[in-house]
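Read through the structure below, which is laid out as structure tokens, and then see the notes.
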Amino acid sequence: MPSQSSIISLFQDKPIGQNVTIRGWVRTFRNDQFISVNDGSTIRQLQIVIRPEELDEATHKRIQTGTCISASGILDKSLGKGQDIELNCNRLEILGDCDPQEYPIQMKRHSLEFLREKAHLRFRTNTFAAVFRIRHHLQFAIHKYFNENGFFNLHAPIITGSDAEGAGEMFRVTTLDATNPPLDENGFADFRQDFFGKPSNLTVSGQLEAELAALALGKVYTFGPTFRAENSNTSRHLAEFWMIEPEVAFNDIHDNMDLAEDFLKYCLRHALTYCREDLEFLQEREINEDKQKPAEERQTKPLIERLQFITEQSFERITYTEAIDILLNSAHYKKKKFKFPVEWGIDLQSEHERYLVEKHFGKPVIITGYPAAIKAFYMRLNEDGKTVAAMDILVPGIGEIIGGSQREERYDMLRAKCAQFHVAEESIWWYLETRKFGTCVHAGFGLGFERLVMYVTGMTNIRDVIPFPRTPGNAEF
RNA sequence: UCCCUAGUAGCUCAGUCGGUUAGAGCACAUGACUGUUAAUCAUGGGGUCGCUGGUUCGAGCCCAGCCUGGGGAGCCA
């Protein structure tokens, strides 16, 4: 018996005339003799040709959309038009039946909303298989980029005893009996008796831990799951998502911007090189979906062109103050088209960011120098005393994809910021000690992995780029 | 959490002014055909109109509450 081949290897090597075996899932069974099979190795289907007279009636009925089969035979040039090779089957085995009365995935267009409710089966559609192959390649590209550039990967803890990061609501981790916890002298749950002897949570960011490592290893990055218990119900937020957080000793805010831009472009180039067919499929899909939409909601450029465009452009770099000026001088503002007010000191709203990126510049924008009051306590205070060395990278379509900063490395300044932001020093004494013992300039940023996958695949809902999305009220599968 | 919007067959949707027996395409079943490309053609089965309550002689349609999905906002990555 010949060993099993992946369908992608058959398309690549084209071993015409050889006896091969493939295993996969039936997509369609046409004309009682053509079985279109996908094995996940590629977006493409292999056509299995079987002579009707060689197929007994019982087996014939078991070949349905979704059936798992093994097919052996001679690989040949295809007589049909849709493909260049096909498998002339001389041995067909049903590995797993699929009852068409019950199987919800049909060989037709399904809405993404419907497939979201079938998350266990949606991998079997072209769209999701393409998305998750691309997700894999992007993950690989990220590790590759950092490895090639001298970074060390750091596994930040998933369970943390610190709640000082201020990045959002946290999930409590406890082994206490929720219905009958031990109580302390004030009548509250007594976490001294909990597993860790103190309250603990799922991490909202690995940044603080990454900083500790960077101040010894030089260049590090984390790439792990993070958790936010925010009740945010949008197409861009998850309760569980994956984040990449590089942190580099001796980098200032400008080095940080250079790194982020180079890194982002590297990831896009990697996807363009290694995910070509999947991207072409998703591009085609997007074009078809856009036909149903009003003109103003359609993409102005096809997916691949958009990605290429980003890799070729240098990102626009402006300060927060300049951004406010651009907004104030815009015709959009003068016609009172912004819903929210614009003035120095405000946090930029989605509509402001979208105007800057999509209307004014038409390419990615890095904004730096935000007012200290609207950014986190650990960001380095600039010489003007009122702005911090923060940076946000905004991209068309997604908005903020990266947020980062040069960190406050000055011990006294950081303590002052802690007091200002009501961060208890005793809760992050270990973080403060790095500033006491051989501190140095350093900077880093965070990239939401799913936002990157959205950007590359053109998917518009974050729930469609993570295999099993966790959102408020939904932890099925 | 707030605003908008939707929920009718397995899927995608139509359903007029509140009126008699609930509509289509696809899917599925049966048959025909056999080099097809989401094959084609014919025939057929398939409904708790999201849930609860209300208005009415009569509700898929009107009203109230709730549930679920989608879009937007806030928060953020």
Side-chain angles (χ1 to χ4, degrees), chain A residues 26-36 44-53 55 61 64-66 76 78-83 86 88 98-118 125-126 165-169 204-207 225-245 260 292-294 297 339-340 347-354 374-376 392-395 398-404 445-455 460-466 471-474 476:
Chain A
V26 174
R27 286 295 174 79
T28 61
F29 184 23
R30 295 184 293 265
N31 224 350
D32 294 344
Q33 45 182 323
F34 304 105
I35 309 170
S36 175
R44 292 151 86 175
Q45 270 69 244
L46 183 67
Q47 173 157 289
I48 311 296
V49 185
I50 187 148
R51 296 288 145 213
E53 59 273 17
L55 197 58
K61 285 204 168 148
Q64 302 284 352
T65 297
D76 206 349
S78 179
L79 301 173
K81 283 193 182 122
Q83 58 284 315
E86 61 190 18
N88 278 308
C98 188
D99 183 349
Q101 301 273 23
E102 290 182 60
Y103 188 54
I105 312 296
Q106 301 164 4
M107 200 52 212
K108 58 171 263 191
R109 184 196 168 274
H110 283 104
S111 69
L112 297 174
E113 294 81 13
F114 170 71
L115 292 169
R116 231 168 268 156
E117 290 167 9
K118 315 279 178 212
T125 65
N126 285 333
E165 287 142 44
E169 290 296 310
V204 293
S205 162
Q207 181 203 312
T226 45
F227 308 87
R228 305 273 167 95
E230 301 283 351
N231 186 16
S232 60
N233 253 296
T234 82
S235 54
R236 300 182 309 283
H237 292 86
L238 291 164
E240 176 184 296
F241 64 101
W242 289 69
M243 192 150 65
I244 298 106
E245 295 176 291
Q292 320 289 324
K293 292 182 185 169
E297 286 174 29
K339 217 173 135 197
F340 289 87
D347 206 353
L348 295 177
Q349 302 291 323
S350 295
E351 59 171 355
H352 303 143
E353 295 180 345
R354 204 171 310 131
I374 60 170
K375 288 288 180 183
D392 282 356
I393 301 188
L394 313 176
V395 293
I398 304 279
E400 184 183 340
I401 194 167
I402 283 179
F445 61 84
L447 166 73
F449 183 52
E450 283 75 17
R451 297 232 175 129
L452 177 67
V453 182
M454 282 173 83
Y455 194 67
T460 52
N461 192 312
I462 201 164
R463 295 161 198 213
D464 296 330
V465 300
I466 189 166
T471 52
N474 195 346
E476 193 64 52

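- Straight-line distance between the P atoms of B:C62 and B:U16: roughly 9 Å, to the nearest whole Å.
- Closest to the A:Glu113 side chain, of the nucleotides B:G70, B:C11, B:G35, is B:G70.
- Nucleic acid contact class of A:Lys61 (heavy atoms, under 4.0 Å, all strands): sugar-phosphate only.
- A donor and an acceptor atom, one from each side chain of A:Arg44 and A:Gln83, are nowhere located under 3.5 Å apart.
- Within the shown strands, B:A73 is the pairing partner of B:U1 under the Watson-Crick or G-U definition, both distances less than 3.5 Å.
- Listed nucleotides B:G72, B:C75, B:G35 differ in distance to A:Arg354; the shortest reach to its side chain belongs to B:G72.
- Checking the phosphate oxygens (OP1, OP2) of B:U12, a side-chain nitrogen or oxygen of A:Ser111 falls inside 4.0 Å.
- Checking B:G69, B:A73, B:G72 against the side-chain heavy atoms of A:Glu117 singles out B:G69 as nearest.
- A sub-4.0 Å separation between OP1 or OP2 of B:A73 and a side-chain N or O of A:Arg236 is present.
- In this structure, A:Asp464 atom CG and B:G71 atom C1' are separated by 14 Å, rounded to whole Å.
- Applying the Watson-Crick and G-U wobble criteria (two distances, each under 3.5 Å), B:G60 pairs with nothing in any strand.
- Checking B:G71, B:G35, B:A73 against the side-chain heavy atoms of A:Gln349 singles out B:A73 as nearest.
- The nucleotide B:A14 finds no pairing partner, because no Watson-Crick or G-U wobble arrangement with both distances shorter than 3.5 Å includes it.
- The CG-P distance, from A:Leu115 to B:G70, rounds to 12 Å in whole Å.
- Remark: the separation of the C1' atoms in B:G50 and B:A59 is 16 Å, to the nearest Å.
- B:C49 and B:C13 are spaced 13 Å apart, taking the C1' atom of each and rounding to whole Å.
- Counting atom types as modelled, A:Gln47 pairs a side-chain N or O with a base atom of B:U36 as donor and acceptor under 3.5 Å.
- Note on A:Pro104: nothing from the nucleic acid sits closer than 4.0 angstrom, heavy atoms only.
- Rounded to the nearest Å, the gap between the C1' atom of B:C4 and that of B:G44 is 43 Å.
- Counting only distance, with no hydrogens or angles, the side chain of A:Glu450 and the backbone of A:Trp242 share a donor-acceptor pair below 3.5 Å.
- Taking atom CD of residue A:Glu450 and atom C1' of nucleotide B:C76, one finds them 14 Å apart after rounding to whole Å.
- Distances were taken from every side-chain heavy atom of A:Leu238 (C-beta onward) to each of B:A73, B:U34, B:A77; the shortest belongs to B:A77.
- Out of B:A77, B:U37, B:C33, the shortest distance to the side chain of A:Gln83 is found at B:U37.
- When the P atom is used for both B:C33 and B:G70, the distance is 47 Å, rounded to whole Å.
- Formation of a donor-acceptor pair under 3.5 Å by the A:Glu245 side chain with backbone atoms of A:Gly206 is found in this model.
- Comparing B:U36, B:C26, B:C28 against the side chain of A:Arg30 picks out B:U36 as the nearest.
- Pair assignment for B:A6: B:U68, on the basis of Watson-Crick or G-U wobble contacts that are both within less than 3.5 Å.
- Phosphate contact (OP1/OP2 of B:G74, side-chain N/O of A:Ser350, threshold under 4.0 Å): present.
- Comparing A:Lys108 and A:Gln64 against RNA chain B, the residue whose closest nucleotide sits nearer the 5' end is A:Lys108.
- With hydrogens and angles left out, the side chain of A:Glu230 and the base of B:G74 share no donor-acceptor pair within 3.5 Å.
- In this entry the distance linking CD of A:Gln33 with P of B:U37 reads 11 Å, nearest Å.
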Let's go through A:Arg30 and A:Thr28 carefully: what are the C-alpha distance in whole Å and the side-chain angles of both, what is the deciding distance for side chain to side chain donor-acceptor pair (under 3.5 Å) to 0.1 Å, and is it a yes or a no? CA-CA 6 Å; A:Arg30 295 184 293 265; A:Thr28 61; 3.0 Å; yes

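- Looking at A:Asn31, its side chain never comes within 3.5 Å of a backbone N or O of A:Gln33 through a donor-acceptor pair.
- Taking atom CG of residue A:Asn88 and atom P of nucleotide B:U36, one finds them 16 Å apart after rounding to whole Å.
- Comparing B:U36, B:G74, B:G72 against the side chain of A:Ser78 picks out B:U36 as the nearest.
- Here B:G47 sits opposite no nucleotide as a Watson-Crick or G-U wobble pair (both hydrogen-bonding atom distances under 3.5 Å).
- No side-chain donor-acceptor contact under 3.5 Å links A:Asn231 to the backbone of A:Asn233.
- When side chains are defined from C-beta on, A:Phe29 does not count as touching A:Thr65, because their heavy atoms never get closer than 4.5 Å.
- When both distances must be under 3.5 Å, the Watson-Crick or G-U wobble mate of B:A42 is B:U30.
- As rounded to whole Å, 12 Å separates atom C1' of B:U68 from atom CZ of A:Arg463.
- Look at CD on A:Gln106: it is 14 Å from P on B:A9, rounded to the nearest Å.
- By the 5.5 Å and 30° criteria, A:Phe34 is not stacked with the base of B:G35.
- Between A:Arg116 and A:Thr65, it is A:Thr65 whose nearest contact on RNA chain B lies nearer the 5' terminus.
- As judged by a 4.0 angstrom heavy-atom cut-off over every strand, A:Lys81 is placed among the base-contacting residues.
- Taking a pair to require two hydrogen-bonding distances under 3.5 Å in either a Watson-Crick or a G-U wobble arrangement, B:U37 remains unpaired.
- Proximity note for A:Ser232 (side chain, C-beta onward) versus B:C75, B:C28, B:U1: the nearest is B:C75.
- To the nearest whole angstrom, the two C1' atoms, one in B:G7 and one in B:U12, are 13 Å apart.
- Not one N or O on the side chain of A:Glu240 forms a donor-acceptor pair closer than 3.5 Å with the backbone of A:Phe227.
- For A:Ser235, the side-chain atoms get nearest to B:G71 when compared with the rest of B:G71, B:A73, B:C33.
- Here A:Asn233 lies in heavy-atom contact (under 4.0 Å) with a base.
- The P atoms of B:A38 and B:C28 are separated by 15 Å, rounded to the nearest whole Å.
- Side-chain N/O atoms of A:Asn231 include one lying less than 4.0 angstrom from OP1 or OP2 on B:U1.
- Between A:Gln47 and A:Leu79, every side-chain heavy-atom pair lies at or beyond the 4.5 Å cut-off.
- Phosphate contact (OP1/OP2 of B:G71, side-chain N/O of A:Thr234, threshold under 4.0 Å): absent.
- Of the possible donor and acceptor atoms, none in the side chain of A:Arg451 sits under 3.5 Å from a partner among the backbone N and O of A:Ile398.
- Distance noted for atom P between B:C75 and B:U56: 48 Å (whole Å).
- With rounding to whole Å, A:Phe445 atom CZ is found 17 Å from B:C76 atom C1'.
- Across all strands, A:His110 comes closer than 4.0 Å only to sugar-phosphate atoms, never to a base (heavy-atom distances).
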